[in-house]
**Student:** 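The structure follows.
The chains referred to below are lettered A, B, ... by the order of the sequence lines, with proteins before strands, and numbering in each begins at 1. If you're wondering where the values come from, they're calculated on a predicted model, not measured in any experiment. Note: hydrogens, waters and symmetry copies are ignored here, and every other heavy atom, side chains too, is used.
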Amino acid sequence: MTTATKQRPTIRFRGRSFLATVLAPQMPIAEWLAELERLASRSAGYFAHRPVILDVSGLPITQRDFKDLLQALFERDIKVMGVEGADPSWLGFGMPPSVSGGKQTEIIHRPSAEPPTAGKPTFGDRAIPSLLVETPVRSGQSIIFPQGDVTVLGSVASGAEIIAGNCVHIYGTLRGRAIAGSTGNASARIFCQKFEAELIAIDGLYQTADEIDAKFRGKAIQAWLARDQMNMAVLA
Amino acid sequence: MSQVLVVTSGKGGVGKTTSTAALGAALALSGNRVAVVDFDVGLRNLDLVMGAERRVVYDLINVVQGEAKLQQALIRDKRLETLYLLPASQTRDKDALTAEGVARVMAELRDTFDWVVCDSPAGIERGAMLAMRHADVAVVVTNPEVSSVRDSDRIIGMLDAKTEKAERGEYMEKHLLLTRYDAARAERGQMLKVEDVLEILSIPLLGIIPESEAVLNASNLGCPVTLNAAESAPAKAYIDAARRLEGDVIPMVVPMERRGLMSKLFGRRAA
């Protein structure tokens with residue numbers, strides 16, 4: 001068994017991506033705020049340490065409404081760390097930065113005030129669905145399956161990506177990107193028959209082709225995380 | 001039964017127009033009624049390659065917009081009785097093509113011809129989408145270089161998603177035409193080998209067109225290479241490709257390669 005990056009732990013800081021909660025207000029804002037307050041009151045501190053992105057794309061609001069909205073959220077202890085879809089001129093000094101290009105994931109909101117159900121489901125004992133892709137995945141295609149495993153019978157072309165909530169299995173050549181454990185599952189793995197990838201990632205920790213040891217090129221490999229490091233091994 | 005064939009590629013300059021003319025002429029040579037349609041609105045070229053640029057009166061846009069009848073716009077080839085050209089407009093832009101208009105023209109062409117060969121513009125924009133939309137068969141033209149192969153892969157994905165046939169849940173027939181192939185340079189590693197291209201794209205191979213001056217000469221003369229220099233290696237490769245499209249089984253000739261490789265290739269004809 002070989003580890004790919006033991007000697008370069010600093011890579012972690014470059015190769016991390018995070019999940020953030022996106023709040024998308026709806027009109028009328030006042031009613032939406034009231035609904036938000038009801039939700040927050042059921043689980044105190046739900047927003048306390050949570051990075052929040054405010055998505056105002058498509059909302060018919062003015063700069064003034066926008067400022068009021070930010071103020072209202074601030075008063076409710078919601079820290080807006082970025083804004084999506086706002087007019088660039090609204091965001092000046094002291095305002096959160098503009099963000100874009102977020103990926104859709106499923107986050108199930110469970111208010112902590114509700115009684116926990118017996119035997120809280122974990123990745124270990126939940127029935128994990130899987131998606132089977134029988135055709136080659138072509139450049140420009142993106143297969144996103146946050147529910148579980150993705151199995152590809154053909155190859156994944158350069159410029160294509162597979163994003164799975166759990167493991168990624170590729171029986172052809174992986175030339176594009178494979179992203180496993182996308183919804184925060186560090187025990188997910190990536191398997192492929194022939195490794196030529198541009199990028200692989202598990203639970204937000206990624207490595208590009210340049211950072212990966214050349215000895216894995218063209219081999220059947222698996223990749224997994226151990227103590228926040230990407231590990232790779234040739235499959236026997 | 002009439003067949004609509006789209007000749008497409010991701011990258012420009014890989015030989016779509018040349019291949020459209022050569023395949024169209026080869027299909028017409030074996031007695032089919034063939035229409036070649038130039039979808040590259042704004043940059044028409046097919047009329048030049050077919051040697052009909054001075055005979056264009058009405059074009060595809062006129063027919064699509066109902067300003068001319070199909071019969072008025074079709075130009076009959078001077079050399080082959082069964083070969084017709086529907087030219088593109090140089091003066092209009094791509095937005096002049098409407099989806100309904102194109103659908104109507106394609107249906108009309110289907111009624112009159114055995115083969116409708118559409119020369120698609122490069123890329124993945126509207127013009128290219130409209131050209132592939134009504135196709136039954138696609139020929140993906142690729143050069144043996146990495147960028148061309150990757151863009152073709154993207155186009156194959158589009159053919160599987162954005163065509164009428166795919167939307168009906170049917171299998172879209174796709175073939176690979178490898179153009180400008182130079183076996184000596186492939187051997188030296190200066191371009192991709194046939195087997196590498198096939199491995200990446202995994203669609204069946206229709207033909208390998210060797211790099212040759214005959215193609216350029218034919219283009220300059222305004223005559224499809226299959227008519228101008230029918231004995232040249234590229235013309236033979238195009239004629240074989242056209243016969244394969246008609247369903248004939250013809251052994252693949254890899255330009256200037258050893259026999260051992262050829263047998264390997266046959267094992268590789270992927271689904």
**Student:** State, to 0.1 Å, how close A:R138 and B:L201 come at their nearest heavy-atom pair, and which atoms those are.
**Tutor:** NH1-O, 2.6 Å

**Student:** Which residues satisfy the side chain to side chain contact (heavy atoms under 4.5 Å, CB included) test with A:A180, sequence neighbours excluded?
**Tutor:** A:V168, A:A188, A:I190, A:I202

**Student:** Search all heavy atoms of A:V137 against all heavy atoms of B:D153 and return the closest pair with its distance.
**Tutor:** O-OD2, 4.4 Å

**Student:** May I ask you to list the residues in residues 3-22 of chain B that approach chain A closer than 4.5 angstrom, counting heavy atoms only, ordered by number?
**Tutor:** none

**Student:** Name all pairs fulfilling the ring-ring contact (aromatic ring centres under 6.0 Å, His included) condition that reach into residues 149-174 of chain A, sequence neighbours left out, sorted by first residue then second.
**Tutor:** A:H169-A:F191

**Student:** Which distance, rounded to the nearest 0.5 Å, do you find between the OG of A:S155 and the CD1 of B:I200?
**Tutor:** 9.0 Å

**Student:** Return each pair, listed once, that meets ring-ring contact (aromatic ring centres under 6.0 Å, His included) where at least one residue sits in residues 123-156 of chain B; pairs must be two or more places apart or across chains.
**Tutor:** none

**Student:** Would you say CZ of B:R243 has more than 12 non-hydrogen atoms from neighbouring residues, nucleotides or ligands within 6.0 angstrom?
**Tutor:** no

**Student:** Donor-acceptor pair, B:R150 side chain versus A:A157 backbone, under 3.5 Å?
**Tutor:** no

**Student:** State whether the number of non-hydrogen atoms from other residues, nucleotides or ligands found under 6.0 Å of A:R64 atom CZ is greater than 12.
**Tutor:** no

**Student:** Can you tell which part of A:T173 gets under 4.5 Å to a heavy atom of chain B, answering side chain, backbone, both or neither?
**Tutor:** side chain

